[in-house]
Protein chains: 2
Amino acid sequence: MVATTKDSKGDVRQLLQGAGLRPTRQRVALAGMLFLEEDRHIAAEDLHRQAVENGVPVSLATVYNTLHQFTEAGLLRILAVEGQRTYFDTNTSDHHHYYMEESNTVMDVPTGSVTVENLPAPPEGMEIANVDIVIRLRKKRSGK
Amino acid sequence: MVATTKDSKGDVRQLLQGAGLRPTRQRVALAGMLFLEEDRHIAAEDLHRQAVENGVPVSLATVYNTLHQFTEAGLLRILAVEGQRTYFDTNTSDHHHYYMEESNTVMDVPTGSVTVENLPAPPEGMEIANVDIVIRLRKKRSGK
DNA sequence: CTGTGTGCAAACTCTTTGCATAAGT
DNA sequence: ACTTATGCAAAGAGTTTGCACACAG
């Protein structure tokens, strides 16, 4: 193994190499921000801002490229929430989401807490790729 | 309550007036295309193209304005599907969708055929605005 | 008539792309 | 060295906006 300052950093490099991606500075840094923390739902601009704040010089175009490369490698998943922004989800397993319009925020619904029943058979010749559930939340208004 | 399939043109005018919208030519024409047919899932550009093909001169900006006005009036609903396009759904009742990436098409899931169980309580101070389920479909591969 | 709606084009946001330069192996 | 990734800026898609003119009531 390579002697690096942190185990986790080495793991990130392996993750990238396993996906056939060169572990460049930018990719290692972005992968670190994405995968060493809790599950995240993030748009390209947010990740770019965070990278710059963390002293990682990376261009927005590279962030977009990288996010798509990670998605193709199966490390990320694209989230379907309304609006023009594309959110990427670091949790690629089967789970669902809360979406808050006011704050433009996405949160995981605790795993296993929603079940879908009576899924109908899909149309002829098609199969279900996945099921996404978005629970849209609003501020509770008591006496407006 | 949405009167569905077979309204007359007069009903469309009433629909608009009931929503506080002047029944202008463009709005009557667009409403006709939207509400006199089966439930539709349509993007602004598609509706605009259809209008022009039908000999209704309307600008794209007006189509956008109108779609948003209809949405505010509760006649339409915005669909959350991935991608940068905004789809409007003429069926505002509780139902869910198939989405086919290959053809960029949205279809209704037959009403009542999906039930969601165990919906978790939303976070403090929030309430559920609605629940959207998108069932993503892909072509079945024979060897499965 | 009076006020609202429409059309046009420009502005805006998010995302992608082309090409020269920089970095990784 | 040789190849692939990055950065920049410009282009692209989709959507919104401002303002003069047109139309509905």
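Bear in mind the structure is a predicted one, so any value in this text is a computation, not a measurement.
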Please report, rounded to the nearest Å, how far the P atom of C/dT15 is from the CD atom of B/Gln84. 9 Å
Just to verify, what does B/Gln69 make a side-chain hydrogen bond (donor to acceptor under 3.5 Å, both in side chains) with, not counting sequence neighbours? B/Arg27
Pairs meeting criterion ring-ring contact (aromatic ring centres under 6.0 Å, His included) with involvement of residues 94-128 of chain A, two or more places apart: A/His41-A/His97, A/His95-A/His97
Within residues 107-127 of chain B or reaching into it, pairs that qualify as ring-ring contact (aromatic ring centres under 6.0 Å, His included) - sequence neighbours excluded: none
Using a cut-off of strictly less than 4.0 Å, decide whether B/Gln26 has a side-chain nitrogen or oxygen near OP1 or OP2 of C/dT6. yes
Residues forming a side-chain contact (heavy atoms from CB on, under 4.5 Å) with A/Glu37, sequence neighbours excluded: A/Arg40, A/Gln50
Between B/Lys140 and A/Met126, what is the shortest heavy-atom contact and its length? CE-O, 3.8 Å
Please state how far atom CZ in B/Arg49 lies from atom C1' in D/dG14, giving the value in whole angstrom units. 13 Å
Under the ring-ring contact (aromatic ring centres under 6.0 Å, His included) rule, what pairs show up with a residue in residues 44-76 of chain A, not counting sequence neighbours? A/Phe35-A/Phe70, A/His68-A/Phe88
Kindly write out the residues that satisfy salt bridge (Lys or Arg N to Asp or Glu O under 4.0 Å) with B/Asp46, not counting sequence neighbours, or none if the list is empty. B/Arg49
Taking only side-chain nitrogens and oxygens of B/His68, does any of them come within less than 4.0 Å of OP1 or OP2 of D/dT15? no
At under 4.0 Å between heavy atoms, which parts of nucleotides 19-25 of chain D does protein reach? Answer with one letter per nucleotide, 5' to 3': B base, S sugar-phosphate only, - none. -----BS
Could you tell me the separation between the CG atom of A/Leu16 and the P atom of D/dT6, rounded to a whole number of Å? 10 Å
For A/Thr62, check side-chain hydrogen bond (donor to acceptor under 3.5 Å, both in side chains) against everything at least two apart and list the hits. A/Ser59
Let's see if you get this right: which residues in residues 53-66 of chain A place a heavy atom under 4.0 Å from DNA chain D? A/Pro57, A/Val58, A/Ser59, A/Ala61, A/Thr62
B/Ile42 CD1 to D/dG14 P, straight-line distance once rounded to whole Å: 14 Å
Can you name the salt bridge (Lys or Arg N to Asp or Glu O under 4.0 Å) partners of A/Arg25, sequence neighbours left out? none
Nearest-Å distance for atom pair OH/C1', residues B/Tyr87 and D/dT15: 15 Å
Have a look at A/His48 and say if it touches a base, only the backbone sugar-phosphate, or nothing, with a 4.0 Å heavy-atom cut-off. nothing
Nearest whole Å is fine: how far is D/dG14 P from B/Leu79 CG? 17 Å
Side chain to side chain, B/Ile128 and B/Leu119, heavy atoms closer than 4.5 Å: yes
Which residues satisfy the side-chain contact (heavy atoms from CB on, under 4.5 Å) test with A/Ala51, sequence neighbours excluded? A/Leu30, A/Met33, A/Val56, A/Val58
Can you give me the bend angle of the helix from C/dC1-D/dG25 to C/dT25-D/dA1? Use the axis through the first five pairs and the one through the last five, nearest 10 degrees. 30°
Taking atom P of D/dG14 as reference, at what distance in whole Å does atom CD1 of B/Ile78 sit? 16 Å
Between C1' of D/dG7 and CZ of A/Arg27, the distance in whole Å: 14 Å
